[in-house]
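In listed order, ligands and their atoms are each counted from 1. Source: prediction; values computed, not measured. Values below: all heavy atoms of this structure, side chains included; hydrogens, waters and symmetry mates excluded.
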Amino acid sequence: MSAIKKITIGMLGCGTVGAEVARLLLSDIPELSTRSSAPLELKKIAVRSGGSRIGIDASLFTTDPLSIVNDPAIDIVIEVMGGIEPARELILQAISNGKSVVTANKSLLATHGADLYAAADKAGVDLYYEAAVAGAIPIIRPMRESLAGDYITRIMGIVNGTTNFILTKMHEQGLAFNEALAQAQELGYAEADPTADIEGFDAAAKAAILAGLAFHTRVTVDEVYREGITKISAEDVALAKSMDHVIKLLVIGELTPEDEISVRVHPVMLPSSHPLASVRDAYNAVYLEAESAGQLMFYGRGAGGGPTASAVLGDVVAVARHIADDSIGHRESDYADREIAPFSAARTKLMIRLQVADKPGVLATIAQAFAAQGVSIQTVRQGGAGNDAELVVVTHAASEKALGELVKDLSALEIVRKVESVIRVEGASS
Ligand code: HSE
């Protein structure tokens, strides 16, 4: 191995994930070098301030990230600082200096992925990002490589551990949303400001990346329809449970009959028999349907230092192998260049929970509102006591446009006291 060129690595960022990547890289360097067919060396780590992390030699730290992206001796830059800037500028600078990049930065890829790919293509270097979606779960490489001979028609995923933890606690312990969120914060799953997770922004960035790969098209996060889980109540969860369903925050990407891409993030009711329904706590899973492969599911830990470091280091070894072989990995596959369908064109099913007056003719009036929008009713269930009744209506599939109009029409009816909740239903017959 002595005749082979050493491959030198620099890191941008050393938070929970970065520190784990650095520790594993330092402790496993002989093994990882053997797997890469070239000696690896971690040369520098850029941090914002302070340079001490347990198990990492303090002499590796610098507060000057440019000293990494402009260092001619560095071959691979690992970006685990997160955020758009300065990560974007630093990565572009590293690429233009001929360095391959391994990043875990989903927001950056979902916003500026096209620019990064174009720059990597021009410079003839690798851009790898297995850790950007679903942490430890190998999903990017299976989609880019293993499924390159197939046609993915649909992708559904639980790709945010915080919201899956919250929904699991609501389902299994009957907690209210705020109680479950407080538990997630106590356990360190949710940030002090949990907006990115609970409002679906984190999942939307991952949805853009997954849909882009699945359908060979550039998809950006602003093209993803997004709703979070803050409106889900304990009553909704109990109702779903009584119907043998669970509520999950899903990313969904699918091809429409017009061969456009529908891509969205929102809570859904899933039958408990669906493979994604059994994904509990902070675990992630991605479920794919492909023309020849059929149904596939990938499951594992979607966050945390160790799981995310595993994905980063897998990319480092892959990229190091390419450098050792004087080869290069895959370019962006965006040849299909499909349109993104407006959300109003998506076909979904709804569960609508209504408080209505309990008197003759009410059901007929409600049914008339459905008929007027051309929405077919699949099931109706009535409960409640006194002068009011609770109606739970599940529709057949219809366009989001018609379903949205229907909910507006129902809210405006005099006999409807309140539309309590509206949740989409997936994974059952249409
Ligand atoms: N905050 C994310 C989650 C992990 O809860 O899954 C990072 O993407």
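Counting only heavy atoms of the protein, atom 7 (C) of ligand 1 lies nearest to Lys106 NZ, 3.4 Å. Annotation: atom 5 (O) of ligand 1 to nearest protein heavy atom, Thr162 OG1, 2.5 Å. Looking at atom 1 (N) of ligand 1, its nearest protein heavy atom turns out to be Asp197 OD1, 2.9 Å. Counting only heavy atoms of the protein, atom 6 (O) of ligand 1 lies nearest to Gly161 N, 2.7 Å.
Checked against a 3.5 angstrom limit, the closest N/O atoms of Asn284 and ligand 1 fall outside it. In terms of N/O distances under 3.5 Å, ligand 1 is not approached by Ala303.
Leu410 contributes atom CG, which lies 5.5 Å from atom CG of Leu354 (distance to the nearest 0.5 angstrom). How far CD1 of Ile91 is from CG of Leu109: 7.0 Å, rounded to the nearest 0.5 Å. Between atom CZ of residue Arg381 and atom CE of residue Met351 there is a gap of 9.5 Å, rounded to the nearest 0.5 Å. Once rounded to the nearest 0.5 Å, the distance linking CG of Leu403 with NZ of Lys408 reads 12.5 Å.
Screening Leu90, Ile45, Leu12 for a side chain to side chain contact (heavy atoms under 4.5 Å, CB included) involving Ile68 leaves a single residue, Leu12.
Every atom of ligand 1 with a heavy atom of Asp202 under 4.0 Å away is listed here by number and element: 2 (C), 7 (C), 8 (O).
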The test is salt bridge (charged side-chain N to carboxylate O under 4.0 Å, His left out); show your working for Glu426 and Lys248 and say whether it passes.
CA-CA 10 Å; Glu426 287 283 339; Lys248 295 288 187 192; over 6 Å; no
